[in-house]
Colleague: 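Here it is, the structure in full.
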Protein chains: 2
Amino acid sequence: MKHITIKDIAKKLNVSTSSVSRAFNNKYDIKKETRDLILSTAKKMGYIPNPMAKKLTQNCSLNIGLVVPEIINGYYSEIVIALQKYLIKRGYQVLVMQSDENENQELKNVKTLINSMVDGLIIAPTVGNKNISYYLEKYNNGYPIVFLNRISENLPASKVIFNNIKWSFFATEHLILQECKKIYHLAGYKDLSVSKERIKGFKKALKKYKFSSKDYKIIETGLLAKEGMRVMENLILKNDIPDAFFCVNDMVALGAMKKLKDNGYKIPEDVAFVGFTETRVAKLVTPQLSSVKQPTFKMAKKAGELLLKRITDPNAEIETQIFNGELNLRKSSVREVSN
Amino acid sequence: MKHITIKDIAKKLNVSTSSVSRAFNNKYDIKKETRDLILSTAKKMGYIPNPMAKKLTQNCSLNIGLVVPEIINGYYSEIVIALQKYLIKRGYQVLVMQSDENENQELKNVKTLINSMVDGLIIAPTVGNKNISYYLEKYNNGYPIVFLNRISENLPASKVIFNNIKWSFFATEHLILQECKKIYHLAGYKDLSVSKERIKGFKKALKKYKFSSKDYKIIETGLLAKEGMRVMENLILKNDIPDAFFCVNDMVALGAMKKLKDNGYKIPEDVAFVGFTETRVAKLVTPQLSSVKQPTFKMAKKAGELLLKRITDPNAEIETQIFNGELNLRKSSVREVSN
DNA sequence: TTTGTTTTCGGGATCGTTTTCGGTAAATGA
DNA sequence: TCATTTACCGAAAACGATCCCGAAAACAAA
């Protein structure tokens, strides 16, 4: 079961290995007949080119590194899938590593990927920003990196982000228009850039409708369902329940809703809910959860696109793509007018 | 920004490239002092070994291919994560491809991975089995493959599977012991091996408790929430609602439950539910969903272990690991005795 | 000092490609 | 007919490591 190489074909046909190589790369200096002959016998012999050798000569790994904070919450698994679909077609393979929402792990992941000589990196940073300067240094040395989500708009690097401020404004405004008078925001991590932005949008809406500081709270949670539950448990104990919650993501919202429901609160009659970064579970719970949907596939594809651009031209201009989404209204936040 | 190679170090220290190589691989024929000297200057110079070259000489890619049917439902994303954690430590990288529950796509994925010369494959087949013979042929030619889930126990190859029959028996028995008299099984795909097995377990329990053919139904669905909804919608229209459902997975269960709840049925009072392959959403819905939890991490790790064993010794004996899980009882299936 | 053994090291082949360079033969032009 | 271009092909040098083999150096025993 030895592997057929270019040499075997060359020997069989009494041509040089250069010709065989040329036949496959089909670029120049090869007659059509010899090319066809080589290709057909290669096929007959069951030849497959050795990617390791090819990569060595061309000094590229054809691997792309993708670093994500997690892939269990649905959003990033969709990113992975979409990116993979896009890059596979273009001859690249994707190495995914997850940071478990941990800065040190993230840095280790990035270094591992760089040492394994990926041709480029797509980084969705986790909470905290102590690594960003390191990444930027690499970036400025010409290392192809595209940032995805969770970074500030004015980071001087190519990036794909979501317009968090705008859509958290809309989400909050929607709650206000439902006549919610007291709104709490379950806000993720205070060091997380998307949290910061969603807080901004939240506050912007409150300001527009002249909410006083008594009428809202911003509570740091985390990004998991259990953290939504924990926070809600506290609020219930303190009997401090507003008439609406705007949550940093669906998981936190679902956890919080669950706790409230179990304690006899009616949603949306007593308390309205809006999530963010819609997951497919949103439609499966009762009541269905209103949420802001992000164009995951498009964002991943764009990230891949920008990265390939940077790989072919490391001096390409910095490009920033800001995406918009849609606010899907469902039962959890819509108080029906009885008819 | 040219890369430092082994030659640069050799030149700088007036030693041969062989010595530098030996210093790094630290195997034999190298004096401790020269080794230390080489390693320290290499570090100073910022040398990182070129994996492409290493792979070429050693004729291995240090890549493992993982083919899964999907990674959006939680189960397989956990598999991906766990496998990656296990293999990264051992110097391997994991290339994940998903088949979208499509046989042709799956075959394409496998071929892509083989052509990219992965050192081994872990395959979680999708529905249907027309590819299995192809895989087995590769396997018997010494290609390292480990099968994961969705295959029959007597497939002559290394594999990691879950004891579906046993645990679907338990799940069904539990419903029976809750005094459910009429139980429907939402069964996934009829060509899917896990579906077949879970049906077996289901029937086994029914037989033990002497259910007549009027008292149960097996309904082909699919594996997604929306298919659970679709099927349930039909049943509601036909007013054909039993007092319990045992579902092929949580997603189908959740979809079905949602439809029922929206139509005024009470769970578990009117209809009890048990899912399978527990997802973390199970705890977030109301009522919480009873389900069979699989030891995902252990299974993935074991698959990696078996694969590495086969890679180092292609003639290693066929090994089959059958895992057990646990039946987590929650509100959806437990009719509380009022007290 | 001689001989034998062990440790340490360098030379060079090798892995399977790509690519440059140079050369031959055919085609073209006048 | 001769010169010049074009088309095609082979030899050989890369790419960056590993590893076998033989030789030098170090050491021990005689």
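This one's a predicted model, so the numbers in the text were calculated from it and none came from an experiment. Numbers restart at 1 for each chain; the letters A, B, ... are given by sequence-line order, proteins then strands.
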Colleague: State which residues pass ring pair (Phe, Tyr, Trp, His ring centres under 6.0 Å) with B:Y189; sequence neighbours excluded, sorted by chain then number.
Modeller: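 In terms of ring pair (Phe, Tyr, Trp, His ring centres under 6.0 Å), with neighbours along the sequence ignored, B:Y189 is linked to no residue.
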Colleague: Please compare B:T34 and A:L56 by the position of their nearest nucleotide in DNA chain C and report the one closer to 5'.
Modeller: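 Between the two, 5'-proximity favours B:T34.
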Colleague: Assign each of B:T17 and A:I30 to its nearest nucleotide of DNA chain D by heavy atoms, then name whichever residue's nucleotide is nearer the 5' end.
Modeller: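 Result of the comparison: A:I30.
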Colleague: Quick one: A:L62 CG to C:dT18 P, roughly how many Å, whole number?
Modeller: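 Taking atom P of C:dT18 as the reference, CG of A:L62 is at 12 Å.
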Colleague: Base, sugar-phosphate or nothing for B:S19? Non-hydrogen atoms, less than 4.0 Å.
Modeller: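 Sugar-phosphate only.
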Colleague: Check this for me: does the side-chain of B:D29 come within 3.5 Å of the base of C:dC9 through a donor and an acceptor?
Modeller: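 Side chain to base: pair present.
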Colleague: Which nucleotide, C:dT8, C:dT17, C:dT18, lies nearest any side-chain atom of A:K7?
Modeller: C:dT17
Colleague: Hey, does the side chain of B:K55 come within less than 4.0 Å of D:dT18's phosphate (OP1/OP2), counting only N and O?
Modeller: no
Colleague: Tell me the interatomic distance from A:K32, atom NZ, to D:dT6, atom C1', rounded to whole angstroms.
Modeller: 20 Å
Colleague: Please state whether the phosphate of D:dC15, meaning OP1 or OP2, lies under 4.0 angstrom from any side-chain nitrogen or oxygen of B:N50.
Modeller: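 Result: no.
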Colleague: Tell me the interatomic distance from B:I38, atom CD1, to C:dG10, atom C1', rounded to whole angstroms.
Modeller: 12 Å
Colleague: What's the closest nucleotide to the B:K31 side chain, out of C:dC9, C:dT18, C:dT17?
Modeller: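 My answer, after comparing the listed nucleotides, is C:dC9.
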Colleague: Using the side-chain heavy atoms of B:R22, tell me which of these nucleotides is nearest: D:dG16, D:dC20, D:dT18.
Modeller: D:dC20
Colleague: Can we say A:R310 and A:D119 salt-bridge, meaning some charged N sits less than 4.0 Å from an Asp/Glu carboxylate O?
Modeller: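 Between A:D119 and A:R310 there is no salt bridge, as every charged N stays at least 4.0 Å from the carboxylate O atoms.
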Colleague: Around atom NZ of B:K130, are there more than 12 heavy atoms from other residues, nucleotides or ligands closer than 6.0 Å?
Modeller: yes
Colleague: Among the candidates C:dT18, D:dT18, C:dG10, find the nucleotide nearest to the side-chain atoms of A:T57.
Modeller: C:dT18
Colleague: Can we say B:D36 and B:K32 salt-bridge, meaning some charged N sits less than 4.0 Å from an Asp/Glu carboxylate O?
Modeller: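 B:K32 and B:D36: salt-bridged.
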Colleague: Indicate, with a heavy-atom threshold strictly under 4.0 Å, whether B:P51 touches base, sugar-phosphate, or nothing.
Modeller: nothing
Colleague: When you measure from the side-chain N and O atoms of B:N25 to the phosphate of D:dT18, is any distance below 4.0 Å, counting only OP1 and OP2?
Modeller: yes
Colleague: Tell me: CZ of B:F24 to P of D:dC19, nearest whole Å?
Modeller: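 Between P of D:dC19 and CZ of B:F24: 15 Å.
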Colleague: Below 3.5 Å, does any donor atom in the side chain of A:S18 face an acceptor in the base of D:dA11, or the other way round?
Modeller: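 Side chain to base: pair present.
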Colleague: Nearest-Å distance, CG (B:N14) to C1' (D:dA24)?
Modeller: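 Going from B:N14 (CG) to D:dA24 (C1'), I get 17 Å.
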Colleague: B:V20 near the nucleic acid: base, sugar-phosphate alone, or nothing, with a heavy-atom cut-off under 4.0 Å?
Modeller: nothing
Colleague: Could you check which of C:dT17, D:dG10, C:dC9 has an atom nearest any side-chain atom of A:T5?
Modeller: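 Of the options given, the side chain of A:T5 lies nearest C:dT17.
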Colleague: Could you go through A:N149 and A:V160, starting from their C-alpha distance and side-chain angles, then the distance that decides it, and tell me whether this counts as side chain to side chain contact (heavy atoms under 4.5 Å, CB included)?
Modeller: CA-CA 6 Å; A:N149 285 340; A:V160 172; 5.8 Å; no
